[in-house]
K.L.:
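Take this structure, written in structure tokens, and hold onto it; I'll ask about it next.
On a predicted model such as this, the values are computed, not experimentally measured, just so you know.
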Number of protein chains: 2
Amino acid sequence: MTQTPTVNFANFLHELSKVTSAMKGFMRQKFKEHDVNITFEMLQVLRFLWGKDGVNQQEIADAILKDKASLTYLLDNLVRRKLVQRTEDSQDRRNKIITLTDEGQEMKDLIMPWITEMFEIAGRNIPSELIGSGLILFEAIYLNFEQQNK
Amino acid sequence: MTQTPTVNFANFLHELSKVTSAMKGFMRQKFKEHDVNITFEMLQVLRFLWGKDGVNQQEIADAILKDKASLTYLLDNLVRRKLVQRTEDSQDRRNKIITLTDEGQEMKDLIMPWITEMFEIAGRNIPSELIGSGLILFEAIYLNFEQQNK
DNA sequence: GTTTAATAGTTAAACAACAAACTAATTTTA
DNA sequence: TAAAATTAGTTTGTTGTTTAACTATTAAAC
């Protein structure tokens, strides 16, 4: 067990924010260049649906780490843009089933290459073992907080 | 030079979000428990000022990675809570100098231990070399995006 | 079987982020 | 020095997040 100096961790958080905003910024730039009127957060929803369509809001929320109130709001905006639609689930009327519209489905072909490009840039000249360490590190930190909240 | 699979990176982003929200959640919890009416973002401003008081808004914005419009808003909220004050800079009247009030200064003694605790929890049982790898990784990713935007 | 729990989704209010347009002050440059 | 460019800060509009209270529906417990 090693004691990690606080100052090191403060740096860590700072760099982490820089990476997050660089990635968001990259996508925002792409959207702007191609006149695609969506946000990074809406993309998170679409990206999930491109992989698995026809689920309820809670499942999307859990998958992309947002609460259900945020999802309601995000989906309102996606419905307004005619990219997804809500249907009531006749099996369980508490659920609303979210499906992509044709337009929402088609966006995949346009946008997925940008995501690939973003990850390609991010990982440029970085050994995959280093990415692996990052993953292990994140999981360890997250587990530490989980442990704390028990 | 190793090619990093996209799927790996998507995971990376996901875990990164989990860590970020665990940390924000931890602080939010502390604030709530002790009836401290500030947010994580306001804390970022205070934390900077505890280290260096009496600077203009842009310097704070650059240091904590926010744009100046967000800073205007955050400072409005901090002024309303009587934790900081704005003064016009007589040397350069474009500037507004931000200083802590006594109350804002005193909060340091209350809150800093929570930040230390947060970092202590985060780093529990994590070798400092792994944190070091994380830092190197972030800096590399960030530089990749910087390079891209030249 | 009726009461109680839990689950899915919505709403409202306060807070925050981002872009774009704006004012005011200072610096550069021609 | 006068015009142009830069810098600091504000404002507005749209979007996103969080908490808490709320409705409706389903499942569990008694």
K.L.:
Show the nearest heavy-atom pair for residues B:F48 and B:A63, with the distance to one decimal.
P.N.:
CE1-CB, 3.4 Å
K.L.:
Just how far, in rounded Å, is P of C:dC15 from CG of B:L83?
P.N.:
13 Å
K.L.:
At less than 4.0 Å, is any side-chain N or O atom of B:R28 found next to OP1 or OP2 of D:dT19? Yes or no.
P.N.:
yes
K.L.:
Between A:R93 and D:dA27, is there a contact of a side-chain N or O with OP1 or OP2 at under 4.0 Å?
P.N.:
no
K.L.:
Take atom CZ of B:F31 and atom P of C:dC15, then tell me their distance rounded to the nearest Å.
P.N.:
14 Å
K.L.:
Assuming nearest nucleotide by heavy-atom distance, tell me which of A:E41 and A:E88 is located more 5' along DNA chain D.
P.N.:
A:E41
K.L.:
At less than 4.0 Å, is any side-chain N or O atom of B:N77 found next to OP1 or OP2 of C:dA16? Yes or no.
P.N.:
yes
K.L.:
Ring pair (Phe, Tyr, Trp, His ring centres under 6.0 Å), that's the test. Do A:F145 and A:Y142 meet it? Break it down for me.
P.N.:
CA-CA 5 Å; A:F145 281 105; A:Y142 182 70; 8.2 Å; no
K.L.:
Quickly work out the A:K30 NZ to C:dC18 P distance and round it to whole Å.
P.N.:
20 Å
K.L.:
What is the distance, to the nearest angstrom, from the CG atom on B:D67 to the P atom on C:dA20?
P.N.:
12 Å
K.L.:
Show, in sequence, the C-alpha distance, side-chain angles and deciding distance for B:K30 and B:E117, and conclude whether the salt bridge (charged side-chain N to carboxylate O under 4.0 Å, His left out) test is met.
P.N.:
CA-CA 11 Å; B:K30 285 284 179 195; B:E117 188 188 347; 3.1 Å; yes
K.L.:
Separation of B:Q91 atom CD from C:dT27 atom C1', in whole Å?
P.N.:
16 Å
K.L.:
Rounded to whole angstroms, how far apart are CG on B:D89 and P on D:dT7?
P.N.:
17 Å
K.L.:
Parallel, tilted or perpendicular for B:F138 and A:F138, by the 30°/60° rule?
P.N.:
parallel
K.L.:
If you round to the nearest 0.5 Å, how far is CZ of B:F31 from OG1 of B:T39?
P.N.:
7.5 Å
K.L.:
At what angle, to 10 degrees, do the two end axes of the helix from C:dA6-D:dT25 to C:dA30-D:dT1 meet, given five pairs define each axis?
P.N.:
10°
K.L.:
Within a strict 4.5 Å, meaning less than it, do heavy atoms of the B:V19 and B:M23 side chains meet?
P.N.:
yes
K.L.:
So, is B:K66 close to the D:dG9 phosphate, meaning a side-chain N or O under 4.0 Å from OP1 or OP2?
P.N.:
no
K.L.:
Check step by step if side-chain hydrogen bond (donor to acceptor under 3.5 Å, both in side chains) holds for B:Q147 and A:R124.
P.N.:
CA-CA 11 Å; B:Q147 204 69 22; A:R124 201 170 277 171; over 6 Å; no
K.L.:
For B:K32 and for A:L74, find the nucleotide of DNA chain D with the closest heavy atom, then tell me which residue's nucleotide is more 5'.
P.N.:
A:L74
K.L.:
Under 4.0 Å, counting only non-hydrogen atoms across every strand here, what does A:S70 touch: a base, just sugar-phosphate, or nothing?
P.N.:
base
K.L.:
Measure from CD1 on A:I64 to P on D:dG16 and round the result to the nearest Å.
P.N.:
11 Å
K.L.:
Measuring from atom CD of B:E139 to atom CG of B:N144, what distance do you get when rounded to the nearest 0.5 angstrom?
P.N.:
12.0 Å
K.L.:
Begin with the C-alpha distance, continue with both residues' side-chain angles, and end with the deciding distance and a verdict on salt bridge (charged side-chain N to carboxylate O under 4.0 Å, His left out) for A:E41 and A:K66.
P.N.:
CA-CA 10 Å; A:E41 289 76 13; A:K66 304 201 181 288; 5.3 Å; no
K.L.:
Anti or syn, where syn is a glycosidic angle within 90° of 0; which label fits C:dA5?
P.N.:
syn
K.L.:
Distances for protein N/O vs nucleotides 5-11 of chain C N/O pairs under 3.5 angstrom?
P.N.:
from: C:dT7; atom 1: O2; to: A:R94; atom 2: NH1; distance (Å): 3.3
from: C:dA8; atom 1: O3'; to: A:N95; atom 2: OD1; distance (Å): 3.3
from: C:dA8; atom 1: N7; to: A:K68; atom 2: NZ; distance (Å): 3.3
from: C:dG9; atom 1: OP1; to: A:Q57; atom 2: N; distance (Å): 3.0
from: C:dG9; atom 1: OP1; to: A:K96; atom 2: N; distance (Å): 2.9
from: C:dG9; atom 1: OP1; to: A:K96; atom 2: O; distance (Å): 3.2
from: C:dG9; atom 1: OP2; to: A:Q57; atom 2: N; distance (Å): 3.3
from: C:dG9; atom 1: OP2; to: A:Q58; atom 2: N; distance (Å): 2.6
from: C:dG9; atom 1: O3'; to: A:K96; atom 2: NZ; distance (Å): 3.4
from: C:dG9; atom 1: N7; to: A:K68; atom 2: NZ; distance (Å): 2.6
from: C:dG9; atom 1: O6; to: A:K68; atom 2: NZ; distance (Å): 3.2
from: C:dT10; atom 1: OP1; to: A:R86; atom 2: NE; distance (Å): 3.3
from: C:dT10; atom 1: OP1; to: A:K96; atom 2: NZ; distance (Å): 3.0
from: C:dT10; atom 1: OP2; to: A:Q57; atom 2: OE1; distance (Å): 3.2
from: C:dT10; atom 1: OP2; to: A:Q57; atom 2: NE2; distance (Å): 2.8
from: C:dT10; atom 1: OP2; to: A:T72; atom 2: OG1; distance (Å): 2.8

K.L.:
In Å and rounded to the nearest 0.5 Å, what is the NZ to CG distance from A:K68 to A:D62?
P.N.:
10.5 Å
K.L.:
Can you check the A:I38 CD1 to D:dT15 P distance for me, whole Å?
P.N.:
12 Å
